[in-house]
Engineer: 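A single structure is presented below for examination.
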There are 2 protein chains.
Amino acid sequence: MHDGPDDTASGPRWLDAAEREAWHALVGVLLRLPSALDGQMQRDAGITHFEYVVMAALSESAHHTLRMSDLACLSTASLSRLSHVVKRLEERGWVRRAPCSHNGRYTEARLTDEGYAKVVASAPGHVETVRDLVIDALSPEQLTQLRDIGQTILNRIAAQDVFRK
Amino acid sequence: MHDGPDDTASGPRWLDAAEREAWHALVGVLLRLPSALDGQMQRDAGITHFEYVVMAALSESAHHTLRMSDLACLSTASLSRLSHVVKRLEERGWVRRAPCSHNGRYTEARLTDEGYAKVVASAPGHVETVRDLVIDALSPEQLTQLRDIGQTILNRIAAQDVFRK
DNA sequence: AGGTTGTGGTTGAAGCGTCAAGTCAGGCGC
DNA sequence: GCGCCTGACTTGACGCTTCAACCACAACCT
């Protein structure tokens, strides 16, 4: 499905059957898991999976507060995306923003009590979904395999990004 | 990062360290791999990864033609999404749509010669990226592990979807 | 102090995906 | 044959992400 046409122009090495099976499975997960996670969150809590990730990160940090940049890093988002999302969360009363007192160009995002309550209320359903779809479906050995594979891929992506600069 | 707060309200079983590591690695891949793939395609060919998938599926089918529904199934997309995408591809001259001659409510999408050329031109770069980021980074054993893990997760998602209906 | 550079963050427009209608053809009952 | 339903798309509106431009503050230079 994802390899090229039947052309054999000596240039690239096309994928063999085993490689294709693995790749195909990965692409399937890439396409379907995010919407499954998002769907559960939307139905049960009325928020995006990403909004949950942002608020969960805040809920686990000291004083429920983080600098925008750190929060962006933790949630693997661009600063721009985060800014939009935090703005929406602020409108819903779950987050407050304020310039850092020590350094005026930093902005600190703080989870309100309502926001924390929202996270606490949403967390069990999320964990349950994660268990249903992934964790409980795999053996302990597969979990370590998954971790190793995932980290390897992430390293490759990071390496490529660095190389491009 | 993705488990709940430190609350231990007996209800859900929170993730332990090993589970969290595996989950975290998977989420990282979920967030970063798609944009890496998309980025390569955008830079090198000026198309979306998903647009490539659609055209590649067409290029591998008989007469470079497929019914919209089948194409949607192959590319794991909703019919609606596919319709929008094919419309854009049509405007760029890479795909043509026509009602099926035998059954008027079917629509067949056919890759034009320009579209096929586009796929052929884009495929090597794509395969190379896939190799760089995933295939060549993993051992043969890891590839079969990845395939098994991915298929397990996909089965779970499918099972859940059926259950919800 | 004044100007420059650079980093942190925000904003607006444009593009893509999703969801909820809407259209249109073929079957089926009568 | 006529109404009605179902299945296969299509369309439009809305929300989110991205990208590029922008503003604000701080540090650095002279």
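This structure is a prediction, so every number in the text was calculated from the model and none was measured. To find a chain, count down the sequence lines: A is the first, B the second, and so on, and within it residues start at 1.
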Engineer: Take the angle between the ring planes of B:His126 and B:His49 and call it parallel below 30°, perpendicular above 60°, tilted in between.
Structural biologist: tilted
Engineer: With respect to B:Val29, which candidate in A:Ile149, A:Val29, A:Ile157, A:Leu30 satisfies the side-chain contact (heavy atoms from CB on, under 4.5 Å) definition?
Structural biologist: A:Leu30
Engineer: Side-chain contact, heavy-atom cut-off 4.5 Å: B:Gln145 with A:Asp148?
Structural biologist: no
Engineer: Take atom CD of B:Gln42 and atom P of C:dA14, then tell me their distance rounded to the nearest Å.
Structural biologist: 17 Å
Engineer: Determine the contact category for B:Thr107: base if any of its heavy atoms lies under 4.0 Å from a base atom, sugar-phosphate if only primed atoms, P, OP1 or OP2 are that close, otherwise nothing.
Structural biologist: sugar-phosphate
Engineer: Atom CG of A:Leu82 and atom P of C:dG8: how far apart are they, to the nearest Å?
Structural biologist: 14 Å
Engineer: For a 4.0 angstrom threshold against heavy atoms of chain B, report the outermost contacting nucleotides of DNA chain D in 5' to 3' order.
Structural biologist: D:dA8 to D:dG12
Engineer: Between CD1 of B:Ile153 and CG of A:Leu138, what distance do you get to the nearest 0.5 Å?
Structural biologist: 5.5 Å
Engineer: Given atom CG of A:Asp70 and atom P of C:dG8, what is their separation to the nearest angstrom?
Structural biologist: 10 Å
Engineer: Nearest heavy-atom pair of B:Leu79 and B:Ala72: which atoms, and what distance?
Structural biologist: CD1-CB, 3.9 Å
Engineer: Taking atom P of C:dA21 as reference, at what distance in whole Å does atom CG of B:Leu79 sit?
Structural biologist: 18 Å
Engineer: Count I, L, V, M, F, W, Y as connected when their side-chain heavy atoms are under 4.5 Å apart, and connections chain through other members. Are B:Val95 and B:Tyr106 then in the same cluster?
Structural biologist: no
Engineer: Got a sec? Which of residues 83-95 of chain A come in under 4.0 Å of DNA chain C, heavy atoms?
Structural biologist: A:Ser83, A:His84, A:Lys87
Engineer: If each of B:His102 and A:Arg67 is mapped to the nucleotide of DNA chain C with the nearest heavy atom, which maps nearer the 5' terminus, i.e. the 5' end?
Structural biologist: A:Arg67
Engineer: Hey, does the side chain of B:Arg81 come within less than 4.0 Å of C:dG17's phosphate (OP1/OP2), counting only N and O?
Structural biologist: yes
Engineer: Select from B:Ser78 and B:Asn103 the residue whose nearest nucleotide in DNA chain C is closer to the 5' end of that strand.
Structural biologist: B:Ser78
Engineer: Look at the side chain of B:Thr48 and the backbone N and O of B:Glu51, then say whether any donor-acceptor pair between them is shorter than 3.5 Å.
Structural biologist: no
Engineer: Report the residue (A:Glu51 or A:Arg105) whose heavy-atom-nearest nucleotide on DNA chain D is the more 5′ of the two.
Structural biologist: A:Glu51
Engineer: Listed by chain and number, what are the salt bridge (Lys or Arg N to Asp or Glu O under 4.0 Å) partners of B:Arg97, not counting sequence neighbours?
Structural biologist: B:Glu90
Engineer: Give a yes or no on whether a salt bridge exists between A:Glu19 and A:Arg13, defined as a side-chain N under 4.0 angstrom from a carboxylate O.
Structural biologist: no
